[in-house]
Amino acid sequence: MKTKETGPLENSAGNAADNDAGHRVHGNSIITGLITCQDLSSNAQRGTVPGMSRDHVNSICRGLPGAEWSDPWGGGHDAWKIGGKMFACIGVKNDGVSVKTPDIETAQMLIDAGVGVKAPYFHLSWVRLPFDADSAEMRHRLAASYDLVRASLTKKAQAELPPRS
């Protein structure tokens with residue numbers, strides 16, 4: 001039943017209902033498969049494309065000077081390292097990329113802001129960014145993690161790396 005003349009359609013339990021055109025409606029969003037029209041609209045405003053993949057993240061990491069790929073635990077992990085130290089990791093669940101932040105407080109701020117979640121199996125200063133995160137935010141966090149780890153290397157190790165442009 002219609003709750004208001006212009007409001008969402010809900011059944012008696014308050015759940016999604018069918019509108020006159022036969023589309024599922026929940027809240028103010030028409031549900032079309034797994035992605036709602038509202039999701040597409042918010043993604044367009046954020047500059048993201050639904051379904052961003054590990055290939056996209058790997059291409060960003062691959063473009064960082066001296067970055068090296070490995071699968072240290074086997075089974076399909078994509079671990080990106082600089083000077084032998086990890087700065088990004090995609091797990092076998094393929095649900096996002098984990099990156100290092102400068103400290104626990106920064107990681108918690110990103111979690112509180114909804115940018116990412118606590119990265120499982122990593123120190124509290126790491127966060128996992130979902131693949132549907134904002135493209136610019138994803139690129140920035142990968143580069144910031146890379147720069148942080150690169151700066152932690154010895155001066156000798158840093159001197160052996162290609163220059164950061």
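No experiment lies behind these values; they were computed from the predicted model shown. Along the sequence shown, the residues carry numbers beginning at 1.
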Quiz prompt | Derivation and outcome, side chain to side chain contact (heavy atoms under 4.5 Å, CB included), residues F131 and V57 | solution = CA-CA 8 Å; F131 284 134; V57 171; 3.7 Å; yes
Practice problem: Tell me whether Y146 is reachable from L142 by hopping between hydrophobic residues (I, L, V, M, F, W, Y) whose side-chain heavy atoms are closer than 4.5 Å. | Solution: no
Self-check item: side chain to side chain contact (heavy atoms under 4.5 Å, CB included) between C89 and Y121, worked out
Solution: CA-CA 11 Å; C89 184; Y121 312 110; over 6 Å; no
Practice problem: Check V117, T106, I111, V115 against V127 for a side chain to side chain contact (heavy atoms under 4.5 Å, CB included) and give me the one that passes. | Solution: I111
Exercise. Indicate, with yes or no, if V149 and W80 share a hydrophobic cluster defined by side-chain heavy-atom contacts under 4.5 Å among Ile, Leu, Val, Met, Phe, Trp and Tyr.
Key: yes
Practice problem: Enter the distance from K81:NZ to M86:CE here, rounded to the nearest 0.5 Å. | Solution: 5.5 Å
Quiz prompt | Between CD on residue E137 and CZ on residue R141, distance to nearest 0.5 Å | solution = 5.0 Å
Quiz item: Side chains of W69 and D78: do they bring a donor and an acceptor to under 3.5 Å?
Solution: yes
Practice problem: Identify the heavy atoms of A88 and C61 that sit nearest to each other, and give their distance. | Solution: CB-SG, 4.1 Å
Exercise. Taking all heavy atoms of K118 and all of H123, pick out the closest pair and write down the distance.
Key: NZ-O, 3.8 Å
Self-check item: Distance in Å, R54 CZ paired with H56 NE2, rounded so as to fall on 0.5 Å steps
Solution: 14.0 Å
Quiz item: Hey, what do you get for CG (D147) to NZ (K100), rounding to the nearest 0.5 Å?
Solution: 13.5 Å
Quiz prompt | Heavy-atom pair with the smallest gap, counting every atom of H77 and D71 | solution = N-OD1, 3.1 Å
Quiz prompt | Shortest non-hydrogen contact between G66 and P162, atoms and distance | solution = N-CG, 3.7 Å
Self-check item: same_hphob_cluster(L64, L161) at 4.5 Å side-chain heavy-atom cutoff
Solution: yes
Quiz item: How far apart are the closest heavy atoms of P65 and I82, and which atoms are they?
Solution: O-CD1, 3.4 Å
Quiz prompt | ILVMFWY cluster, V97 and I60 together (side-chain gap under 4.5 Å) | solution = yes
Exercise. Treat each ILVMFWY residue as a node, draw an edge where side-chain heavy atoms are under 4.5 Å apart, and state whether V99 and I90 are in one component.
Key: yes
Quiz prompt | Considering all heavy atoms, the nearest R150-R164 contact | solution = NH2-N, 3.9 Å
Practice problem: Find the distance between OG (S98) and CH2 (W126) and round it off to the nearest 0.5 Å. | Solution: 7.0 Å
Practice problem: Could you tell me the separation between the CG atom of L148 and the NZ atom of K85, rounded to the nearest 0.5 Å? | Solution: 10.0 Å
Quiz item: S125 and T101: side chain to side chain contact (heavy atoms under 4.5 Å, CB included), yes or no, with the steps?
Solution: CA-CA 5 Å; S125 62; T101 65; 4.0 Å; yes
